[in-house]
Amino acid sequence: DIRRPSAGEGCSGTSGEARKTPEAELEARQRLASAILRGDLEELREAVADAQAAGLQGPEVRRARDAAVALETSDMRRRADLGVQEAIESDDWWKLQAAMQMVVGCGFGDSEMVVRLREAMRTHRRRQDALRSCRSAAASRDPQGLRRAIEELLLGHASER
């Protein structure tokens, strides 16, 4: 007489659900705590995945997920700040535009990064306007206009320092 497995049993005769042993739960809790203390995002993600696989739920897992989100946010802010700094140093209109899109897209639209970018964009526009005035005055051979345009360029340059 051959016994057939019941609906919840697999080929081995055990249920398909992961077994929660006290040792596995303890190991998962320790790994979560260790990953939180280290602050390593990849290790934290792996520890959360292992805890979920072990069937662990509760405040430890929530704390680990919150720590992972905080690390991701911090990393995103650092990258956005670096992009802003590079765009400002480049004095390139399109890089300033791209940095603004990155900052707003990452959810930092109300941060000081936007203020710095806007000021850099205003400065860039003023400088470009002064250069256009200078070229126009030089092309038309207008000495007074050229003098004013050069003064604007010098004043703009002096105010940046």
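Heavy atoms only: backbone and side chains are in, while hydrogens, waters and symmetry mates are out. Just so it is clear, the model here is predicted, and its values are computed rather than measured.
Once rounded to the nearest 0.5 Å, the distance linking NE2 of His124 with OG of Ser90 reads 8.0 Å. Here the OG-CD1 distance, from Ser133 to Ile150, works out to 11.5 Å after rounding to the nearest 0.5 Å. Rounded to the nearest 0.5 angstrom, Glu46 CD and Leu44 CG are separated by 10.0 Å. The distance from the CD1 atom of Ile36 to the CZ atom of Arg65 is 11.5 Å, given to the nearest 0.5 Å.
The two residues Leu71 and Gly39 have their closest heavy-atom pair at CD1-O, 3.4 Å. Residues Gly145 and Ala137 come closest through the heavy atom pair C-CB, 3.5 Å. For the pair Ala51 and Leu32, the tightest heavy-atom approach, listed with the atom from each and the gap, is CB-CD1, 3.9 Å.
Other residues, nucleotides and ligands contribute at most 12 non-hydrogen atoms within 6.0 Å of the CD atom of Glu27.
For Glu119, the salt bridge (charged side-chain N to carboxylate O under 4.0 Å, His left out) partners two or more places apart in sequence, or in a different chain, are Arg122, Arg126. Taking the side chain to side chain donor-acceptor pair (under 3.5 Å) definition, one finds that Arg132 meets it with Asp129, sequence neighbours left out.
Pairs passing the side-chain hydrogen bond (donor to acceptor under 3.5 Å, both in side chains) check and including a residue from residues 135-149, sequence neighbours excluded, do not occur. Sorted by first and then second residue, the pairs that involve residues 67-77 and meet side-chain hydrogen bond (donor to acceptor under 3.5 Å, both in side chains), not counting sequence neighbours, are Arg45-Glu72, Asp75-Arg78, Asp75-Arg79. A side-chain hydrogen bond (donor to acceptor under 3.5 Å, both in side chains) check over residues 80-89, counting only residues at least two apart or in different chains, returns the pairs Asp81-Arg116, Gln85-Glu89, Gln85-Arg116.
Ile88 forms part of a hydrophobic cluster together with Met76, Val84, Trp93, Trp94, Leu96, Met100, Val103, Val104, Phe108, Met113, Val114, Leu117, Met121, judged by ILVMFWY side-chain heavy-atom separations under 4.5 Å.
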